[in-house]
Structure formats: structure tokens, C-alpha cells
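All chains are named by letter (A, B, ...) in the order of the sequence lines, taking the proteins before the strands, and each is independently numbered beginning at 1.
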2 protein chains.
Amino acid sequence: MATSRTLEPTPAPATACCAPLTGAPLSAEAAAALARTLKAVADPARLRLLSLIATHEGASACVCDLTGPLGLSQPTVSHHLKVLTEAGLLTREKRGTWAYFTLVPRALDALAAVLSSRTPGNAPA
Amino acid sequence: MATSRTLEPTPAPATACCAPLTGAPLSAEAAAALARTLKAVADPARLRLLSLIATHEGASACVCDLTGPLGLSQPTVSHHLKVLTEAGLLTREKRGTWAYFTLVPRALDALAAVLSSRTPGNAPA
DNA sequence: ACAGGACATCGACATGCGTCGATGAAGAGG
DNA sequence: CCTCTTCATCGACGCATGTCGATGTCCTGT
């Protein structure tokens, strides 16, 4: 629904950037944004997808490589991959007939940093 | 449905303990357990609850302290606190008429550690 | 004993979400 | 040109979940 069409594939910037969570009370907007990203990860199928892609050769895999291990239909896998991509956790690259999905390196770490009380120390890169 | 009834209030031990996620493919059971804990956190109201309790004096708060800032009804807040408690993220302590909720120190960090590719290095304690 | 406050539970409602089969679009190959 | 494979989208179904008002339980204070 929304207004009309969301053409941008990644409206959410992976995470609310930097909210310690245990440091200061979250605003309603920050909580909603963070929850949206967390909801993308809080699913068994999507967790396994992230894990499968991460451990795959080259850290990238196509849909046909994932339907088997997951035991889900191709449309369902495609749907989950879209959710993860829109959450900023995966990138899609079309190579000929195949679509290869690669996980965004820093995305999961950023999400983890928000949850933990942290002290990130230094910028990783 | 599961089998029948889960009488134990905390069936999930906060997290699947130690699953790098980006290290080896998750099993269906591990993914389900991890998703169950993540689902408890993937909610705006519950994220704000965690944040409010963490930043509260003594890192513990009663229900009456939380309904106001959240803007939700008392039964709803009580429900969310129950979900967080059953996920192993909060502990409930009844003091007289009031019920004080405190967040389990290591729980969020453990969850964050599973998400990030990490390198735990040393036990944080 | 009685009244009042704090919290949990119950039942109900609306919405969201995961899953599938069927169909459509895009490219590779004979 | 035609066919086959790969993937995305559509429509639909059923279950899970967030929210509330009403009610019940426990404790405190008069």
C-alpha cells in the first residue's frame, strides 16, 4: 500500500545507526526503526538464509542453492531474500539467469552493536 | 502447537548459547531457538521497555513507571514484560505491592554476540 | 473488616506475517 | 523461433501477535 510504490530497495539504513539501547531511552521512532530491522532477522528461515549465504563459497549464493537446504518453496525463499535485502542485510546481483545474494559485511555487526551495551572501541574499518 | 504445554516460564536459555551464525550453517532447531529470542526483542514497545528499564535508577522499574512513558495500557505493558521475562531478558521481583523488573546483564550481549561474526576473545566477566 | 492501589490473567478483536501454487518476465541455448 | 531454466510477483489461506477493556488476585493502610 503505502503511498504508491517504493522504488528504493533499501529505505531502512540497516539499523538506527548508533543507539546504545542501554544508554539512553529510545524514542518511539528509533524503536520502530530498530524493531523493523530486528523483525527481518527474527525468523528461522531468514536466520538460516543468512547463515547459508555467509558460509557459502564466496559468501554469495543464488536462490537455487538455498531452496534445497531450507526445505521451502522457491517463492518463499525469494520472499525472505527480498525482506533481508530491503532491511539492508543483503545485496542482490543479477548475473545472467541467476541472482546472487551477498550479505552486507558490517550490517549484522551494526545490529549487534545496538543490542549490546557495547563500547565499540574503534571504527572497524 | 508443540507437544502440549510449556509450563516452565523460561524454556529458551536466553539464546542458543553460542552460534556464530556467519561461521557455520544453522540447524533448524538452533534457528528456531534464536528466532524465538529475537522475536521477543523485535518489537518497538519491548525495545523501549528494555531501554527504559536499563536507564532507570537501579536498572529496575515497576509497571507503573513504564506505562506512562510508553503510552500503552497496563495490561499491554504487563504482557510485554512477560514476553521479555520468558525470553530470559528480564527478571521479575515482587516487592510488596509492586513488581520490579530488572534486565539480565549478559542476555543482550549474548544475543549480540550471536549476530556479529565476532571473535569473542575472552569471557567478558 | 473494609476500601483502595498494583499487577496478572482472560477473552476478543484487528492486523501482520509466513507459506504455498500459479503466473509472468528475462535470459540461455538449440 | 521455440523451449527450458531461473527468479520475481500475485492472490489466497491460516496462524501468530499486539492491543484493549473487564475481571480476578494480592498486598497495604485505615
Subject >> By side chain to side chain contact (heavy atoms under 4.5 Å, CB included) - contacts of S27(B) (at least two apart) >> reply: E29(B), A30(B)

Original post:
Which hydrophobic side chains are connected to V104(B), either touching it within the sub-4.5 Å cutoff or through other members that do?
Top reply: none

Subject >> Co-membership, hydrophobic cluster, residues V83(A) and V41(A), 4.5 Å side-chain >> reply: no

Subject >> Under-4.0 Å side-chain N/O to phosphate OP1/OP2 contact, R92(A) with dA8(D) >> reply: yes

Subject >> Note, L21(B) side chain near L115(B) side chain (heavy atom, < 4.5 Å) >> reply: yes

**OP:** Check the distance between dT6(D)'s C1' and L81(A)'s CG and give it to me in whole angstrom.
**Re:** 13 Å

Subject >> Atom pair distance, as rounded to whole Å: CZ in R36(B) and C1' in dC15(D) >> reply: 16 Å

Original post:
Can you check whether H80(B) has a side-chain N or O nearer than 4.0 Å to OP1 or OP2 of dT19(D)?
Top reply: yes

**OP:** Tell me what Y100(A) touches on the nucleic acid: a base, only sugar-phosphate, or nothing, going by heavy atoms under 4.0 Å.
**Re:** nothing

**OP:** Summarise how protein sits on nucleotides 22-30 of chain D as a single string, 5' to 3': B when a protein heavy atom is under 4.0 Å from the base, S for sugar-phosphate-only contact, - for no contact.
**Re:** B----SS--

**OP:** Return the residues of residues 49-73 of chain A meeting this criterion: a heavy atom under 4.0 Å from some atom of DNA chain C. Order them by number, or give none.
**Re:** L72(A), S73(A)

Subject >> Atom-to-atom span, CG of D43(B) to P of dT15(C) - whole angstrom >> reply: 17 Å

Subject >> Hydrophobic cluster partners of W98(B) (side-chain heavy atoms under 4.5 Å) >> reply: Y100(B)

Original post:
Taking only side-chain nitrogens and oxygens of R46(B), does any of them come within less than 4.0 Å of OP1 or OP2 of dG18(D)?
Top reply: yes

Subject >> Listed once per pair and sorted, the side-chain hydrogen bond (donor to acceptor under 3.5 Å, both in side chains) pairs that draw on residues 50-69 of chain B, sequence neighbours left out >> reply: none

Original post:
Is K39(B) near enough to dC17(C) that one of its side-chain N or O atoms lies under 4.0 angstrom from OP1 or OP2?
Top reply: no

Original post:
How long is the line joining CD of E93(B) and C1' of dC7(C), in whole Å?
Top reply: 15 Å

Subject >> side chain to side chain contact (heavy atoms under 4.5 Å, CB included) involving K82(B) - partner list, sequence neighbours excluded >> reply: E86(B)

Subject >> Contacts of E93(A) that satisfy side chain to side chain contact (heavy atoms under 4.5 Å, CB included) - sequence neighbours left out >> reply: R95(A)

For residues 42-49 of chain A, run the donor-acceptor check on the side chains, cut-off 3.5 Å, and write out each pair with its distance to 0.1 Å, sequence neighbours left out.
from   : atom 1 : to     : atom 2 : distance (Å)
D43(A) : OD2    : A45(A) : N      : 2.9
D43(A) : OD2    : R46(A) : N      : 3.2
R46(A) : NE     : A40(A) : O      : 2.6
R46(A) : NH1    : H80(A) : ND1    : 3.1
R46(A) : NH2    : K39(A) : O      : 3.2
R48(A) : NE     : L26(B) : O      : 3.2

Original post:
Atom NE2 of H79(B) to atom C1' of dT19(D): distance rounded to whole Å?
Top reply: 9 Å

